[in-house]
Amino acid sequence: LGVFQVESRAQMAMLPRLKPRCFYDLVIQVAIVRPGPIQGDMVHPYLRRRQGLEPVDYVSPDIQSVLEKTLGVPIFQEQVIRLAMVAAGFTATEADMLRRSMAAWRRQGDLTHLRDRLINGMRRRGYSQAFAERIFAQIKGFAAYGFPESHAASFALLVYASAWLKRHEPAFFCCALLNSQPMGFYSPSQIVQDARRHGVTILPIDVRYSQWDHRPETSAPLSANEQPAIRLGFRLIKGLSRDAAARICQLPERHRLSSVAALVEQARLSGAELSRLAKAGALAGLAGDRHQANWAAEVAAKSTGLAKQKIIPPKVLPTTSEAQEVWQDYATTGVTLRTHPMALLRRKHAVLRRCLTASTLSSLADKQWVRVAGLVTCRQRPATANGTVFLTLEDETGLVNIIVWPAVAEAQKAAVRYAELLQIHGTISRDANCVYVVAGKLLDRSAWLTGLATQTRAFR
């Protein structure tokens, strides 16, 4: 999650099947999960050949000279151009016409005017009709969008660098991702939850210690294998200006602040700024839970300078429940470091307690019937998937990948398109080390998320 290029659902599913062992494997990994190779039916033949399930057949030495690095399957645009020249006798000018017809980012490349020239050229050079048709189908697939090898290689270098950072420096990697938001597939909440599952300690926003950006924080020198904690920054607080955060950050020895009143006086905070800090939990270190912090903020906001107005607090302030704290976290920052919402919901709803968690799915057998539930964090409906919808659910233990076939998606389209919390009944589908749930029934449980503002990356 968060690694450049291979953070998508399709790439995540391909990784355990392709199992990159060297840098060039990453180049292929980047290029193969594209509309061109997928529509040209190149993905499965390449995987079968790589796994030794299908013999590698180059047909002729000329074809081998072009496709040997990719086991006889064209993966890159350059290979397609070269194939047209060595197999169909294209001139350099004709090959350049073909290249322009396959221009990147075009939804529908126009190759029909070159079909006869390609197929007849291959037939004249002794290739079978079936082979010629297959090569043309692959070239036509690249018109939808395929990568040049040089492009894939430059991306693969960034894949390697970001994967190395996530593996060896997960705290710094997470911190950098958070400071680069908004970007990519994943919300700050998902990045934080993933980092915590990888052993990174995340510290809450605190007016005494936070900066505008998120940053590594440690109280002692780290050993070689230790990671710093990450202190969340003010940038997460919805509606808080950078100027207000700067006034707080510039306070000398602010870690010694002892009261909300001192903070207001020294940082010259307005009532609205103070309220946002209180509601986001950033005053907890000075005033306790949100109810206490909100009261302290109201008292401080009504005071003028050092003139203390006599405002009598109630004898007993109600204690903020854990659920209220979680809901407020999402409402004010989009991130919670408390109990995951799914764990809270399971306590309340017996039907969710009967649903399996993400961490238990890897041990189940193929075709086994299951019930799962989670927050909907991603919806995808790729143009190459012919109406199939892919959902990602998040629970307290991880992510669940859901496949919704077209007929099911159409029959239950309201839940597929709009639900923020889904309960799904379906069957396990195993592919290499990837586990999916193929949805049969989708139940929209969004009403149980009263007050919770989640973020979904959706196709709609």
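Excluded from the calculations below are hydrogen atoms, water molecules and symmetry mates; all remaining heavy atoms, backbone and side chain alike, are included. These numbers were taken from a predicted model, which means no experiment stands behind them.
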Looking at every non-hydrogen atom in both residues, tell me the closest pair between [X] and [Y] and how far apart they are.
{"X": "Ala244", "Y": "Leu240", "result": "CB-CD1, 3.9 Å"}
{"X": "Pro228", "Y": "Ala171", "result": "O-CB, 3.4 Å"}
{"X": "Ala323", "Y": "Leu344", "result": "CA-CD1, 3.9 Å"}
{"X": "Leu421", "Y": "Ser446", "result": "N-OG, 3.4 Å"}
{"X": "Tyr418", "Y": "Arg379", "result": "C-NH2, 3.2 Å"}
{"X": "Gln79", "Y": "Val73", "result": "OE1-O, 4.1 Å"}

Do the side chain of [X] and the main chain of [Y] share a donor and acceptor less than 3.5 angstrom apart?
{"X": "Gln5", "Y": "Val30", "value": "no"}
{"X": "Ser210", "Y": "Leu232", "value": "yes"}
{"X": "Gln227", "Y": "His168", "value": "yes"}
{"X": "Thr218", "Y": "Ala220", "value": "yes"}
{"X": "Asp395", "Y": "Met342", "value": "no"}
{"X": "Lys238", "Y": "Ala280", "value": "no"}
{"X": "Arg9", "Y": "Leu391", "value": "yes"}
{"X": "His255", "Y": "Arg208", "value": "no"}
{"X": "Thr377", "Y": "Thr392", "value": "yes"}
{"X": "His349", "Y": "Val351", "value": "no"}

Side-chain donor-acceptor pair under 3.5 Å between [X] and [Y], yes or no?
{"X": "Gln11", "Y": "Ser8", "answer": "no"}
{"X": "Asn225", "Y": "Ser223", "answer": "no"}
{"X": "Ser187", "Y": "Ser189", "answer": "no"}
{"X": "Tyr186", "Y": "Gln181", "answer": "no"}
{"X": "Ser241", "Y": "Asp243", "answer": "no"}

Atom pairs and distances, side-chain donor-acceptor, residues 16-23, under 3.5 Å, sequence neighbours left out:
| from | atom 1 | to | atom 2 | distance (Å) |
| --- | --- | --- | --- | --- |
| Arg17 | NH2 | His44 | ND1 | 3.4 |

| query | Is the shortest distance from a Lys or Arg side-chain nitrogen in Asp329 or Arg290 to a carboxylate oxygen in the other one below 4.0 Å? | reply | yes
A side-chain contact here means heavy atoms from C-beta on lying under 4.5 Å apart; do [X] and [Y] qualify?
{"X": "Val335", "Y": "Leu178", "result": "no"}
{"X": "Leu203", "Y": "Tyr209", "result": "no"}
{"X": "Cys355", "Y": "Arg346", "result": "yes"}
{"X": "Ile75", "Y": "Phe147", "result": "no"}
{"X": "Val376", "Y": "Leu393", "result": "yes"}

| field | salt bridge (Lys or Arg N to Asp or Glu O under 4.0 Å) pairs, two or more places apart, involving residues 347-363 | value | Glu322-Arg347
| task | Just jot down the side-chain contact (heavy atoms from CB on, under 4.5 Å) partners of Ala272, sequence neighbours excluded, or say none. | result | Ser270, Arg276
| message | Under the rule for side-chain contact (heavy atoms from CB on, under 4.5 Å), what residues qualify as partners of Ser180, not counting sequence neighbours? | response | Met183
| message | Between Phe76 and Ile28, is the side chain to side chain contact (heavy atoms under 4.5 Å, CB included) condition met? List the steps. | response | CA-CA 9 Å; Phe76 306 109; Ile28 293 174; 4.1 Å; yes
Table please: side-chain donor-acceptor pairs of residues 362-375 below 3.5 Å, with sequence neighbours left out.
| from | atom 1 | to | atom 2 | distance (Å) |
| --- | --- | --- | --- | --- |
| Ser363 | OG | Thr360 | O | 3.0 |
| Asp366 | OD1 | Arg430 | N | 3.0 |
| Gln368 | OE1 | Ala365 | N | 3.3 |

| task | Could you list the residues that satisfy salt bridge (charged side-chain N to carboxylate O under 4.0 Å, His left out) with Glu217, not counting sequence neighbours? | result | Arg215, Arg231
| Where do Cys174 and Ile230 land on the side chain to side chain contact (heavy atoms under 4.5 Å, CB included) test, with the steps shown first? | CA-CA 8 Å; Cys174 172; Ile230 295 174; 3.7 Å; yes
